[in-house]
Every structure is written in structure tokens, then in C-alpha cells.
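Single-structure report; data block below.
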Amino acid sequence: MTHKATEVTIVAEKVIQEQIVEIIERAGATGYTILEGSGKGQHARRTHERPSVAGDAFDIVKIEAILGDRAAAEQVADEVANTLFTHYSGIVYLEEVEILRRARFWR
Amino acid sequence: MTHKATEVTIVAEKVIQEQIVEIIERAGATGYTILEGSGKGQHARRTHERPSVAGDAFDIVKIEAILGDRAAAEQVADEVANTLFTHYSGIVYLEEVEILRRARFWR
Amino acid sequence: MTHKATEVTIVAEKVIQEQIVEIIERAGATGYTILEGSGKGQHARRTHERPSVAGDAFDIVKIEAILGDRAAAEQVADEVANTLFTHYSGIVYLEEVEILRRARFWR
Amino acid sequence: MEALADFALTFVGQLQKPTLAFLLGGMLIAALGSKLVIPDAVYRFIVFMLLMRIGLAGGMEIRNAEPGDIFLPALIAVAVGCLIVILGRAVLPRLPGVKVEDGIATAGLFGAVSASTLAAAMVVLDEEGVVYEAWVPALYPFMDIPALVLAIVFAGIHQQRQSGAHKRVRIWPIVADSLRGSALSALLLGLLLGLFTRPESVFDSFYDPLFKGLLSVLMLIMGIEAYARLAELRRVAHWFALYAFVAPLVHGLLAFGLGTLAHYATGLSPGGVILLAVIASSNSDISGPPTLRAAIPAANPSAYIGSSTSIGTPMAIAVGIPLYLSLGHWVFGL
Amino acid sequence: MEALADFALTFVGQLQKPTLAFLLGGMLIAALGSKLVIPDAVYRFIVFMLLMRIGLAGGMEIRNAEPGDIFLPALIAVAVGCLIVILGRAVLPRLPGVKVEDGIATAGLFGAVSASTLAAAMVVLDEEGVVYEAWVPALYPFMDIPALVLAIVFAGIHQQRQSGAHKRVRIWPIVADSLRGSALSALLLGLLLGLFTRPESVFDSFYDPLFKGLLSVLMLIMGIEAYARLAELRRVAHWFALYAFVAPLVHGLLAFGLGTLAHYATGLSPGGVILLAVIASSNSDISGPPTLRAAIPAANPSAYIGSSTSIGTPMAIAVGIPLYLSLGHWVFGL
Amino acid sequence: MEALADFALTFVGQLQKPTLAFLLGGMLIAALGSKLVIPDAVYRFIVFMLLMRIGLAGGMEIRNAEPGDIFLPALIAVAVGCLIVILGRAVLPRLPGVKVEDGIATAGLFGAVSASTLAAAMVVLDEEGVVYEAWVPALYPFMDIPALVLAIVFAGIHQQRQSGAHKRVRIWPIVADSLRGSALSALLLGLLLGLFTRPESVFDSFYDPLFKGLLSVLMLIMGIEAYARLAELRRVAHWFALYAFVAPLVHGLLAFGLGTLAHYATGLSPGGVILLAVIASSNSDISGPPTLRAAIPAANPSAYIGSSTSIGTPMAIAVGIPLYLSLGHWVFGL
Ligand SMILES: Nc1ncnc2c1ncn2[C@@H]1O[C@H](COP(=O)(O)O)[C@@H](O)[C@H]1O
Ligand SMILES: Nc1ncnc2c1ncn2[C@@H]1O[C@H](COP(=O)(O)O)[C@@H](O)[C@H]1O
Ligand SMILES: Nc1ncnc2c1ncn2[C@@H]1O[C@H](COP(=O)(O)O)[C@@H](O)[C@H]1O
Ligand code: NA
Ligand code: NA
Ligand code: NA
């Protein structure tokens with residue numbers, strides 16, 4: 001049997017990874033997953049293949065956290081958008097997913 | 001507050017990455033994200049760990065683009081399926097997501 | 001035109017990757033995609049950047065499989081949760097997606 | 001008979017040498033299920049190092065070479081590249097179960113050139129004390145590019161016939177794309193640097209002394225990959241396997257013959273003749289497959305990559321190199 | 001007393017040598033929060049290079065060795081590997097707060113062998129001018145595999161007792177899995193190549209000259225990792241930390257003693273005795289953890305990896321190596 | 001006039017040397033659309049190797065240096081780092097279309113130091129037979145950190161003025177963050193190891209002999225990146241490009257002048273003066289950009305990275321190094 005939960009996804013510059021993770025943890029998430037990628041948006045395109053001559057701060061990371069509580073997920077999304085995306089690159093969105101082992105996602 | 005948007009995801013051989021990106025940009029997307037992976041489908045299995053003795057054209061990439069306009073997302077999916085997946089490996093699918101900062105996804 | 005299908009996503013330690021893939025294939029999936037990442041959950045945090053001094057068994061992988069048949073997807077999720085997540089790290093969840101080329105996802 | 005005995009001896013001798021030993025070692029451990037993997041970044045760096053080394057040496061030597069000496073071997077390289085593809089185009093699609101596109105792409109890959117095979121031959125010749133003009137390895141693109149272009153043109157013509165639609169194959173983009181690939185870029189840059197600058201200090205302290213050791217690692221990788229891709233080969237017609245066994249030797253002998261003409265005509269060294277044969281014998285690993293995948297989408301990569309990596313390359317290295325070497329003994333009294 | 005003074009001197013002397021200095025340097029900068037990271041691809045390539053170097057040297061020397069000379073040291077290696085696990089199995093689970101599975105897995109990891117510790121000892125001996133049979137480092141698998149197998153068998157037995165279900169632990173798959181791991185594959189392939197082919201040219205120009213320098217980078221990595229994983233250790237019972245402090249020295253002394261017997265019985269060199277002690281003292285980093293994670297899922301990796309990487313390995317390198325070296329001075333009058 | 005002729009000769013001479021040749025070669029192949037990529041892992045390892053080499057050499061030499069000799073050059077380094085940023089802060093934001101934050105961040109990056117430029121200069125001096133104190137390259141952080149800190153402080157002050165809010169910029173975290181970055185960590189660790197331990201054996205067998213060759217690969221990478229990032233530069237005001245052309249030379253000359261004072265005051269060698277000029281001339285690639293991105297989020301990275309990587313670094317290497325070298329000929333009669 002599955003349960004409803006909300007996944008919040010953030011695609012952003014690696015330089016703010018730690019700050020995003022902090023917001024996610026403060027909102028009560030039991031975990032998160034980080035994938036490294038590349039991307040193009042309003043700012044310069046970054047590719048993952050070229051050597052990181054200017055450091056890896058400009059790499060793109062995709063951070064996903066599933067929260068049992070939808071309000072908490074929305075809070076993460078709002079906080080990231082309002083405090084970090086004013087100057088740094090990134091997008092944030094929510095999805096409804098169906099989880100197994102519900103207790104795993106509540107703290 | 002969140003808004004509805006459509007995410008189109010394409011998993012395909014890297015050799016057609018540039019062509020997929022072109023289709024996405026032509027459809028009016030404001031950006032896209034690329035993740036490198038490996039996978040198995042109807043064709044030979046590729047793994048990301050082994051050295052790319054035959055070049056990286058055969059690596060698997062996952063390309064995601066969120067579009068504010070559902071019709072545009074469908075157009076991307078159709079075009080990729082009809083023009084590229086005739087000969088090249090790959091799958092394409094759509095998901096509804098909830099975005100913040102709506103203007104970010106319209107051009 | 002799109003069709004409904006179910007995506008089952010598993011985030012887990014790489015050490016059980018082969019076992020997860022087997023479950024997916026047994027359930028009749030026509031393919032799967034694997035992404036390498038890092039993450040934090042109930043167990044120690046692993047990052048992908050540091051050298052894998054203790055081997056790569058502890059890396060985090062994200063495995064996604066889209067199945068035309070929802071029951072089969074649920075079966076994958078249940079089996080992974082019940083047989084593997086008793087001792088190994090990981091989460092599993094389902095999402096509804098809209099696929100093109102329906103036949104691609106039925107075996 | 002004597003020649004055969006010489007070949008047998010040469011072959012057994014080479015088995016003991018690091019180049020062949022690491023190649024076979026890689027196949028062995030892969031067959032035994034080893035999980036040893038040389039990281040992709042290291043693989044790519046090794047290939048860069050070898051091609052830069054080849055390019056630098058070639059460029060430094062071309063400074064003093066007579067352009068006339070190079071002309072005929074270069075022409076032979078172009079001719080052999082094209083002949084291989086024409087031959088493959090004529091033969092492969094006639095075999096039962098072989099799709100025309102698959103046959104053409106495979107012929108193209110066997111006409112194209114492998115940097116690792118070339119480097120292996122250079123180390124073998126060095127160890128045997130056989131000298132060659134340092135610009136001979138730099139003839140690589142003269143065979144590689146024509147072969148790939150011709151295969152793609154053949155595929156285009158075939159598709160037009162099928163579909164009736166008239167769509168011209170544009171040649172220059174294919175040539176440019178080949179030249180821009182990571183392998184040829186490194187080789188050509190090395191050539192330029194060798195020709196117009198004084199890279200002796202880094203050549204002598206870095207690129208040259210590491211050549212042999214890095215090649216042993218590359219041979220290990222090629223061996224592992226050769227075994228790993230056998231599975232792919234099993235999924236296509238058996239004719240590909242047969243072609244991959246025979247073609248490298250046929251191509252090498254063809255080039256050896258034409259090279260011998262150049263030996264008598266313009267003084268190409270016996271070592272140069274042997275290298276020309278090896279270049280022809282080799283089949284592209286790094287640069288060819290992506291080019292073909294992009295340009296001949298209808299061809300099944302399992303067919304051409306499987307036959308090239310699993311059988312063609314090991315044959316060219318393990319059998320071809322000793323064969324041309326012992327032919328060199330025989331023909332030129334090395 | 002004198003021996004203690006000699007150890008103190010040896011230890012301080014080693015602190016100045018690159019091997020130990022880079023290890024401690026890595027711990028220092030990690031403690032200070034440095035973001036320096038040696039890329040994973042480089043780490044894996046270094047490990048390959050070191051093990052290939054060890055294997056090649058061993059293989060080339062075994063050619064001339066008496067099989068009889070090797071037999072007793074190999075037997076000692078097997079015995080020590082088993083003894084360590086039996087000891088750990090008996091002691092660890094008795095300690096308060098230690099889960100049986102965690103204790104068994106930790107004992108298995110400390111019975112298994114670390115390539116980096118072994119390589120470090122070889123460089124130290126070379127710098128001190130202490131000679132040893134080149135096949136001694138190749139005894140590595142004789143201790144490594146029995147230790148891992150025995151730990152997994154113990155865990156299987158324990159689980160059967162718990163669950164009542166009777167499920168036999170199959171030994172061969174574990175052995176095969178160990179042999180196929182990237183570390184042992186490289187070592188054994190090197191051994192084979194050294195034994196049956198003539199890899200002298202690449203050994204002398206590539207694998208051997210780079211050994212010492214690459215080891216310094218590896219030591220830096222091990223130091224950084226040792227500090228980084230202290231956090232994991234903090235989350236498990238303190239007894240693991242204590243065990244990790246004491247066990248490497250106990251194991252090393254045990255092997256030193258048995259090795260001394262072999263010295264008198266079959267002429268194992270003093271340097272060989274010291275290396276045997278180091279092999280016993282070391283605890284597996286690369287190959288052990290994944291094997292144990294797969295085979296003893298109920299054991300908490302933080303316990304065994306934390307204690308091994310954070311304390312066991314630094315102890316074996318920083319204290320163990322100088323200790324056995326000064327014991328060698330004392331016992332054999334080196 | 002004579003000086004100019006000497007510079008022209010020196011410049012043309014350097015074009016032939018591997019350092020400059022590989023840099024320009026990289027720009028060339030990138031401009032021609034080459035897909036050659038040196039893997040990120042290799043790039044990061046090369047940077048580590050170079051900085052460790054620089055640190056070790058510096059540390060080993062500081063052992064015997066008079067602290068008094070180092071004091072004045074270190075002070076000059078700090079002063080130049082600050083002057084560059086003050087100058088840039090005063091000039092850049094006045095230019096039409098230049099945002100204040102962008103100007104400040106760019107000035108900070110040009111005040112900071114590039115390890116690759118520094119290593120390039122060392123190899124050039126070595127090839128020219130110009131000696132210098134091995135601790136001069138280790139002055140790197142004395143210019144780098146003050147420049148970054150001052151730029152961040154300026155940005156903080158500016159933002160306060162804008163927003164009215166009073167938020168103090170804390171300096172220590174910025175300094176600590178710089179010291180912990182991968183580049184400075186490697187340099188400082190090398191320095192410590194050189195100073196307090198005896199790394200001669202690995203220095204002589206590994207870090208030093210590979211220096212020149214690895215640098216040639218790094219130059220190739222920097223050349224490729226310089227071209228690749230031109231596109232970014234095109235999206236920002238043209239004044240950044242102009243600044244990137246002129247500033248490295250102005251900064252280098254400033255440091256050359258102050259260094260000449262140190263030459264007469266405390267005997268800094270002519271080679272040391274030249275290196276001081278190069279350090280000032282260089283602009284940070286690896287460590288500066290992430291620090292600035294984190295600390296001055298309002299600044300557009302395309303402005304500062306584009307101008308630094310695409311124009312500033314090539315200028316510092318290709319024009320700056322030959323310029324200070326020929327100045328050295330002229331002023332010190334080298
Ligand atoms: N419409 C989009 N769809 C998917 N990913 C996007 C989209 N827009 C931006 N991104 C990702 O978010 C990163 C930062 O975006 P930006 O802030 O626009 O530069 C990009 O590099 C992409 O990886
Ligand atoms: N059912 C599926 N679920 C998830 N990923 C798939 C599926 N089928 C194919 N893929 C991905 O798409 C790639 C190309 O598929 P194919 O065209 O079937 O070879 C594979 O390598 C997988 O990464
Ligand atoms: N709430 C969550 N949201 C997203 N990913 C998670 C979550 N919890 C765990 N994970 C991922 O699953 C992996 C294993 O989780 P765990 O079993 O809790 O250690 C973690 O390393 C994360 O990558
Ligand atoms: Na060929
Ligand atoms: Na041990
Ligand atoms: Na500067």
C-alpha cells in the first residue's frame with residue numbers, strides 16, 4: 001500500500017548546495033538525494049564534461065527531497081525561491097508521489 | 001503559491017543530445033537540465049563506469065525540461081519521438097509538476 | 001497522444017543495484033535508467049566527490065523504471081521494500097507519468 | 001614455410017612482451033569476471049598522451065623530411081582507406097543476415113584507424129630496434145578520414161535508393177567533424193607543435209618516457225573491453241565475427257604490399273612499411289564509432305563496435321603486428 | 001627498554017619520511033577543514049598502479065624462488081588471517097553495546113589486508129635498505145581471503161542460530177568474489193604477467209619509478225579519509241575505537257612471531273618477516289568493505305569502516321610499521 | 001627602444017617554448033571547434049601536483065632562508081594585492097555599463113593569484129636559467145587572500161550603502177575559506193612538509209620531474225578554456241575585456257617596481273622580482289571564482305570569470321611573462 005507524499009526538487013548552482021540542504025533539513029525532511037548534472041537556463045550554460053577551471057561552484061546539482069507533509073515541502077520551495085534564487089541560478093518545483101513505508105518520511 | 005507546468009523527460013543516447021536540446025529550445029522552453037546515467041532498454045546495456053572506449057556517444061543522458069505551456073511540452077515529446085527515436089535509442093514521457101515563480105518558465 | 005504509465009523510483013546503495021535490477025526485470029519492465037548521486041538519509045551521508053576508499057558499494061544510485069502496468073510497478077516497489085530495505089539503505093516511490101509510444105513499455 | 005616459422009617465433013616472442021601480454025591479460029581477467037576497471041578519465045588521458053606523443057615526434061621529424069618522401073605513402077594511405085571500404089561494401093552486405101547499413105558501417109570502421117593499435121606497433125618496433133620515419137604514424141588521418149567519409153557516402157547513396165528521396169551527402173562536415181574529434185585533434189595539435197615550436201624539453205622529459213608504460217595500461221583496457229563486448233557481437237550475424245577475424249590481416253597485407261612499392265620507389269623504410277600495414281590493419285575505436293552512429297543512424301552499433309573492439313582490434317594487435325614484423329624480416333631482411 | 005628507545009627513534013625518523021608525513025599531513029588538513037580532494041579516478045588509478053607494481057615484482061621473483069620457501073610463509077598468512085577473525089569473533093561481541101554482526105564484520109575487516117599499508121611498508125623498507133623477497137607482498141591474498149571468508153561464515157552461523165533456519169553459507173562464491181575485486185585482480189594479473197612474460201621494460205620505466213611518488217599521494221588520501229570518517233566512528237560503541245587502536249599491533253606482533261619461526265625454519269628474510277607483520281597489522285580498505293556489506297547486510301558499515309579507516313589504518317602505518325622495523329633491528333640485528 | 005626589441009625577441013622566443021606553445025595551441029584548437037577535452041579529474045590532479053611541487057620546494061628552501069629576507073617581499077605581496085583591488089574598485093565601476101558589484105568582483109579576481117600562471121613562469125625561468133628563491137612562489141597566498149578579502153569587504157560596504165542595513169563583513173571566515181580551498185591547501189601542506197619533514201626522495205623522483213610535462217597539459221587546458229569562455233565575455237560590457245587586457249601588465253609592472261626596491265633593499269634575486277611581477281600579473285582561476293560567487297552573489301560571474309579566463313590569464317602568461325623577463329634582462333643585466 002502506498003501513501004501520498006510531496007517531492008520538492010531544486011535545480012541550482014552547486015555553490016548554494018549546502019544552504020539548500022540546510023533549508024531541507026530544517027523543514028523536517030528525513031533525507032535528500034543529490035544528482036550532479038549540467039543545464040541551461042537564463043544564465044550561461046554549464047557542462048559537466050569540461051574541466052572545472054573556475055571551480056565546481058558553478059556546476060548544476062539537482063536536489064530532491066520527499067516529505068510526508070505537503071506544507072513542509074511548500075515551505076522548502078518558498079524559502080529556497082525567496083532567499084536563494086534572488087541572486088543565484090535555479091528552479092524549484094513540487095510533485096505528488098506515492099511512497100511506501102510511510103514512517104520513513106516523517107520525523 | 002504554485003502553478004501547473006509540464007515536465008518533459010527524455011532518456012536517450014548522448015549522440016542525439018544536441019538535437020534534443022534544439023527541439024526543446026525551439027519549443028520555447030526557458031531551460032533544461034541534463035543528467036548523465038546509464039541504462040538498459042531494447043538495445044545493449046551501457047554502463048557509466050567502464051571507460052568509453054567507443055566514445056561517449058553511447059552514454060545515456062536524461063534531459064528534463066519544464067514548460068509552462070502543456071501544448072509545447074507535448075510538441076517536444078512528439079517531435080523527439082517521431083524524428084529521433086526512429087533510429088536512436090530512447091524514451092520520452094510527460095509529468096505534471098507544480099512550479100514556483102511562474103514567469104521563469106514562459107518566454 | 002499520451003498513455004498512462006507508472007514510474008517506480010528506487011534510491012539505494014549501489015551494493016544492491018544488481019538485485020534491484022533483477023526485481024525490475026522479473027516484473028516485466030522493458031528497461032530502466034540508473035543515475036549516480038549522493039544523499040543523506042537515516043544512515044551516514046555519502047558524497048560522490050570524495051575518493052571511494054571503501055569501494056563504491058556505498059555510493060547512492062537512483063534507479064527508475066517505467067512500467068505500462070501499474071500492478072507490476074507496485075510489485076517492484078513492494079518487493080524491493082520487503083526483501084532489500086530490511087538491511088540496506090534506500091527509499092522507493094511511485095509516480096504516474098504519461099508516456100508516448102505505448103508499446104515500448106509492454107512486454 | 002620459413003616465413004611461417006619466423007612468424008610463429010615472432011608471435012611467441014611478442015606474447016612475452018608487455019604490449020601483447022597486457023592485452024591478453026586484460027581479456028583473461030575480464031573472462032574470469034574481474035571487476036577491475038581503469039577509470040574513464042584515465043583512459044581518455046592516456047589516449048591524449050599517446051596521440052600527443054605521436055604528433056610531437058612526427059612534427060619534429062617532418063621539419064627535416066623531404067615533402068616528396070611523404071607524398072607517396074600519404075597517397076597509399078588514402079587509397080588503402082578507400083579500398084578497404086569499397087571491398088567491405090561489396091562483400092559484407094552480400095552475406096546472409098547482414099543488413100546493408102550494418103555492413104557499410106562496419107567496413108567504414110575497419111577502414112578507419114585505431115590510435116591504440118598504432119601506438120602498440122610503435123612500441124613493438126622500438127623494442128625490436130626497427131627504425132621508421134617518425135612522420136609515418138602521422139599518416140593516420142590520411143587513411144582514417146577517407147574511410148569514414150566514403151562509408152558515410154555509401155550509406156547515403158543506399159538510403160536514397162531505398163527512399164527514392166534525393167538528399168546529397170555533404171562531405172566537408174564529416175571531414176571537419178573527424179578532424180575535430182578528440183583523437184585527431186590531439187594528433188594534429190602535436191604535429192603542429194612539433195613542426196613549428198621546440199617541444200623537445202617536454203617531449204624528452206614527459207611525453208616520450210611515459211609512452212611505453214601508459215600503453216601497457218591502454219592494452220589492458222583494450223583487452224578488458226574486447227572481452228566485455230563479445231556479448232554484443234553474439235547478438236548479430238556471425239558473419240561479422242568472421243569478417244573481423246579476416247579483414248584486419250587482408251587490409252594489413254594490402255598496405256604492406258603497396259608500402260613495399262613505396263620502399264622501392266621513394267625509400268620508405270621497412271619500419272615505415274610495417275607501420276603502414278598496421279595502420280591499415282587497425283580499426284577505429286575512439287573516433288570512428290560516434291561519427292558513424294551520428295551519420296548512419298540506421299546501422300546497428302552492436303554490429304560494428306562488437307566486431308571491431310572484440311575481434312578486429314585484438315587480431316590487428318596480437319596477430320597483425322607480429323605478422324607484418326616477420327614479413328619485414330623476410331622481405332627486407334631486417 | 002633499549003627496544004623501546006629504538007622504536008621511539010625509528011618512529012620519529014619515520015615521521016620525517018614522505019610516507020608517514022603525507023599520511024599525517026592528510027589528517028591535519030582534513031582536521032583544519034581543507035576542501036582538497038584527490039579525484040576518485042586518480043585514487044583508483046593509483047591503487048591499480050601500486051598493486052600492478054607489487055604483482056609484477058612478485059611474479060618476476062617467484063620465477064627464481066624455491067616453492068618450498070614460499071609454502072611456510074603462505075601457510076602462516078592463512079593461519080594469521082583466520083586467527084585474527086577467531087580472536088575478534090570471541091572478543092568483540094562480548095563487549096557492551098557491540099552487536100554480534102558488527103563485531104564479526106569488524107574482525108573480518110581487520111583480518112583482511114590493505115594494499116596501501118602494504119605499499120607504504122615496502123617503501124619504508126626500501127628507504128631503510130632492508131631487503132625482502134619480492135614475493136612476500138604477493139602473500140596478500142593468502143591472508144585476505146581466508147579472513148573475509150571466515151567472518152562471513154561466522155555471520156552465517158550466527159544468523160542461523162538466531163532464525164533457526166538452516167541456510168548453508170557457500171564459500172566458493174565469496175572466494176571468487178574476492179579474487180575478482182579490483183585490488184586482487186590487479187595484483188594477481190601483475191603476478192601472472194611477471195611470472196610468465198617479460199615485463200621488465202615497463203616495470204623499470206613506469207611501474208617502479210612512479211611507485212614511491214604515487215604512494216605519497218595515496219597516503220595523503222588515506223589521511224584525509226581517516227579524519228573524515230571519524231564522525232562515523234562516533235556514532236557507534238566506543239569499543240570499536242579501542243579495538244582499532246589495539247588490534248593492529250596485536251595482529252602484527254602475532255605475525256611477526258610466526259614469521260620469525262619461518263626465518264629460522266626456511267630462511268624467510270628479516271624484511272619478509274616485517275612485511276608479514278605489516279600485512280597482518282593492516283586492515284582492508286578497498287576490497288573488504290563491499291564484500292562484507294554484500295555478505296553481512298545486518299552489520300552496520302559505520303562500525304567496521306569507521307574503525308578501520310579512521311584508526312586501524314593510521315595505527316598500522318604510523319605505529320605498526322616503525323614498530324616491526326625496530327623489532328627487526330632488535331631481533332635480527334638489522 | 002632596445003628594451004622593446006628585447007621584449008619582442010623574448011616574446012618570439014617564448015612562442016617556441018612548450019609553455020606558451022601549448023597555451024596558444026589550446027586556444028587554436030578550441031577556436032577550430034575541437035572536441036578535445038582533458039578530463040576534470042586529470043585537471044584537478046595536475047593542479048594538485050603543481051602546487052604540491054611549489055610548496056615542497058618552497059618549504060625545503062625556507063629551512064635555510066633568513067626570515068628577514070622573506071619579510072619585505074611578503075609585505076610587497078600584501079600591498080600589491082590590496083593596491084590592485086583599490087585601483088580596480090576606483091576605476092571599473094566608473095566605466096559606463098559596469099555594475100559596481102561586477103567591477104569589485106573583477107578587481108578581486110585580478111588581485112588574486114593563478115597557480116597555473118605562476119607555474120608557467122617558474123618553468124620559463126628554469127629554462128632560461130634564471131634562478132630565484134624557491135620561497136618566492138610560496139608568497140602566493142600573501143597576495144591572493146588580501147585581494148579577495150578586500151574585494152569582499154568593498155562589496156559589503158557597497159551593499160550596506162545601497163540597502164541602508166548595517167551588516168558587518170566578517171573577515172576571518174573569508175580568510176579561512178581561502179586557506180581551505182583546494183589550491184592553497186595543497187600549497188600550504190607542501191610548504192609544511194617541505195619545512196618540517198624530508199620529502200626530498202619523492203620530490204626528486206616524482207613531483208619535480210613531472211612538473212614541466214604536467215604544466216604543458218595544464219597550459220593546453222587553460223588555452224581551451226580561454227577560448228571557450230570568450231562567449232561569456234561577449235555578454236557583458238566591453239570595458240571588462242579592455243580591463244583584462246591592460247590590468248595584468250599594469251599590475252605586473254607595479255610589482256616589478258616594488259620588487260626592484262626589495263632587490264636593492266634586502267637582496268631579492270632578479271628571478272624573485274620577476275616572479276613577484278608574475279604573481280601580481282596573474283588572476284585567479286580555481287580558487288577565486290567560487291569564493292567570490294559565494295561572497296558577492298550580486299556580481300555576475302560571466303563578467304569576472306570571462307575577463308579573467310579568456311583574456312587576463314592568456315595576457316599574463318603570453319605577454320606578461322616575456323615582458324618581465326626582458327625587463328629583468330634590461331634592469332638587472334641578466
Ligand atoms: N525550464 C527549465 N526546465 C528544466 N530545467 C531548467 C529550466 N530552467 C532552468 N533549469 C535548470 O536550472 C538551472 C539554473 O537555471 P537559471 O537560473 O535559469 O540559470 C539551469 O542550468 C538548468 O539546469
Ligand atoms: N521502461 C523503461 N524505464 C526506464 N528507462 C527506460 C525504459 N526503457 C528504456 N529506458 C531508458 O532509455 C534508454 C534507451 O532505451 P532503448 O531505446 O530501449 O534502448 C535505456 O538505456 C534506458 O536508460
Ligand atoms: N526523504 C528523502 N527524500 C529524498 N531522498 C531520500 C530521503 N530519504 C532517503 N533518501 C535517499 O535514500 C538514501 C538512503 O536512505 P537511508 O536508507 O535513509 O539511508 C539516502 O542516501 C538518500 O539519497
Ligand atoms: Na584500418
Ligand atoms: Na590484517
Ligand atoms: Na594578481
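Heavy-atom basis, side chains included; hydrogens, waters and symmetry copies ignored. Order of the sequence lines sets the chain letters (A, B, ...), proteins ahead of strands, with each chain counted from 1.
- Nearest heavy atoms, D:Pro18 versus E:Arg198: CD-O, 3.8 Å.
- E:Thr197 and D:Ala21 get closest at one heavy-atom pair: CG2-CB, 3.7 Å.
- Side chains of D:Val37 and E:Arg44 form a contact here, defined as non-hydrogen atoms less than 4.5 Å apart.
- D:Gly25 approaches E:Leu189 most closely through the heavy-atom pair CA-CD1, 3.7 Å.
- Contact count against chain E (heavy-atom pairs under 4.5 Å) is highest for D:Leu36 among D:Leu32, D:Val123, D:Leu24, D:Leu36.
- When side chains are defined from C-beta on, E:Phe206 counts as touching D:Leu214, because their heavy atoms get closer than 4.5 Å.
- The closest side-chain heavy-atom distance from E:Phe48 to D:Leu220 is below 4.5 Å.
- Contact annotation for D:Val217: both backbone and side-chain heavy atoms come within less than 4.5 Å of a heavy atom of chain E.
- With a 4.5 angstrom heavy-atom cutoff, D:Ile29 touches chain E only via side-chain atoms.
- When all heavy atoms of E:Tyr207 and D:Ser216 are compared, the closest pair comes out as OH-OG, 2.8 Å.
- Crowding of D:Phe332 atom CZ: a count of heavy atoms from other residues, nucleotides or ligands under 6.0 Å exceeding 12.
- For E:Phe203, no part sits under 4.5 Å from any heavy atom of chain D, backbone or side chain.
- Contacts between D:Leu28 and chain E at a heavy-atom distance below 4.5 Å involve the side chain alone, from C-beta outward.
- Atom CZ of D:Phe211 has more than 12 neighbouring heavy atoms from other residues, nucleotides or ligands inside a 6.0 Å radius.
- The distance from the CD1 atom of D:Ile46 to the CZ atom of E:Phe45 is 5.0 Å, given to the nearest 0.5 Å.
- Note: E:Val202 leads E:Leu192, E:Asp177, E:Val202, E:Leu179 in heavy-atom pairs under 4.5 Å with chain D.
- Scanning both residues, D:Lys35 and E:Ser185, for their nearest heavy atoms gives N-OG, 4.3 Å.
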